[in-house]
Amino acid sequence: LEAKEEFSHKTLAMDVMRPRRNDPPLTVITQDSMTVEDVETIINETTYSGYPVVVSRESQRLVGFVLRRDLIISVENARKKQDGIVSTSIIYFTDHSPPLPPSSPSMLKLRSILDLSPFTVTDQTPMEIVIDIFRKLGLRQCLVTHNGKLLGIITKKDVLKHIAQLANQDPDSILFN
Ligand code: ADP
């Protein structure tokens with residue numbers, strides 16, 4: 001007896017992830033093309049707990065995930081203590097620094113704060129499975145991809161809101177979760 005399968009409306013990861021259809025795109029950081037100033041702007045203009053790192057905006061290939069608090073500390077430290085780090089310094093998360101003209105300012109390597117294997121699911125994953133994964137692995141967030149491209153993010157709070165909604169629509173469903 002599989003009670004869960006009786007629900008006709010199967011919610012998928014893509015229905016719960018952010019951004020929603022008309023929202024502004026996900027705030028991401030590129031792996032080797034943003035400056036210290038670009039990243040400081042993101043830190044100042046958003047409050048998300050973390051940011052996916054992608055190869056490039058065009059590709060949206062996921063490289064990893066960086067926590068906001070680690071980013072703040074690292075950039076502040078580098079500004080204070082690392083010689084040559086200025087607003088126009090490139091930040092890179094790759095193993096090797098990107099090729100830039102010799103006249104460019106010093107670059108800032110932040111690979112050590114990058115989580116290289118953030119948990120991901122595809123957009124078609126049923127939310128039942130996503131909820132299970134969050135519970136079993138104690139996740140804080142999970143990234144959503146489609147054909148290897150980053151589409152969105154689901155946080156623990158998003159999952160909890162979704163569960164609360166389910167319980168509202170159908171109080172019995174919570175029993176099976
Ligand atoms: P919480 O969900 O605990 O409030 P966040 O502050 O990280 O955690 O996220 C707030 C909302 O913004 C959530 O709905 C989440 O899905 C979404 N979100 C999280 N990170 C990003 C991001 N980098 N870009 C766009 N939206 C995000």
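Everything quoted here is computed from the prediction, not taken from an experiment. For ligands, and for the atoms within them, numbers begin at 1 and follow the listed sequence.
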**OP:** Ignoring hydrogens and angles, state whether a donor on the side chain of Asp38 or Thr41 is under 3.5 Å from an acceptor on the partner side chain.
**Re:**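 On atom types as modelled, these side chains do not qualify, holding no pair under 3.5 Å.
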My understanding is that we take every heavy atom of each candidate and find the minimum distance to [atom]. Doing that for [options], which one comes out nearest?
atom: atom 17 (C) of ligand 1; options: Phe65, Tyr51, Tyr48; result: Tyr48
atom: atom 7 (O) of ligand 1; options: Ser49, Pro25, Gly50; result: Ser49
atom: atom 3 (O) of ligand 1; options: Lys157, Lys161, Met17; result: Lys157

Subject >> atom 23 (N) of ligand 1 [closest protein heavy-atom partner, distance rounded to 0.1 Å] >> reply: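 Minimum-distance protein heavy atom for atom 23 (N) of ligand 1 reads Thr27 O, 3.0 Å.
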Original post:
Do Asp23 and Arg18 pass the salt bridge (charged side-chain N to carboxylate O under 4.0 Å, His left out) test, and can you show the C-alpha distance, the side-chain angles, and the key distance before you say yes or no?
Top reply: CA-CA 8 Å; Asp23 286 351; Arg18 306 306 159 103; 5.4 Å; no
Original post:
Taking heavy atoms and a distance under 4.0 Å, where does Pro19 meet ligand 1: side chain, backbone, both or neither?
Top reply: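 Within the 4.0 Å criterion, Pro19 makes no contact with ligand 1.
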Going by the order shown, which atoms of ligand 1 are within less than 4.0 Å of some heavy atom of [X]?
X: Ile153; answer: 16 (O), 18 (N), 19 (C), 20 (N), 21 (C), 27 (C)
X: Pro52; answer: 23 (N)
X: Asp158; answer: 13 (C), 14 (O), 15 (C), 16 (O)

Original post:
Do Gln82 and Leu108 come close enough that some side-chain heavy atom pair is under 4.5 Å?
Top reply: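 In contact.
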Original post:
Does Gly152 have a heavy atom less than 4.0 Å from any atom of ligand 1?
Top reply: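 Outside the 4.0 Å threshold, so no.
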**OP:** Can you measure from CG (Leu71) to CD (Glu40) and round to the nearest 0.5 angstrom?
**Re:**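 That separation rounds to 9.5 Å.
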Subject >> CD1 on Ile154 to NZ on Lys161, rounded to 0.5 Å >> reply: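 CD1 of Ile154 is found 12.5 Å from NZ of Lys161.
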Original post:
If you group Ile, Leu, Val, Met, Phe, Trp and Tyr by side-chain heavy-atom gaps below 4.5 Å, do Val121 and Val159 land in one group?
Top reply: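 Yes; tracing contacts between hydrophobic side chains, which count when under 4.5 Å, links both residues.
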**OP:** Search all heavy atoms of Gly84 against all heavy atoms of Pro105 and return the closest pair with its distance.
**Re:**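 Minimum heavy-atom contact is O-CB, 4.4 Å.
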Subject >> Nitrogen or oxygen atoms of Thr155 and ligand 1 under 3.5 Å apart >> reply: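 Looking only at distances, the answer is yes, because the N/O contact criterion of under 3.5 Å is met.
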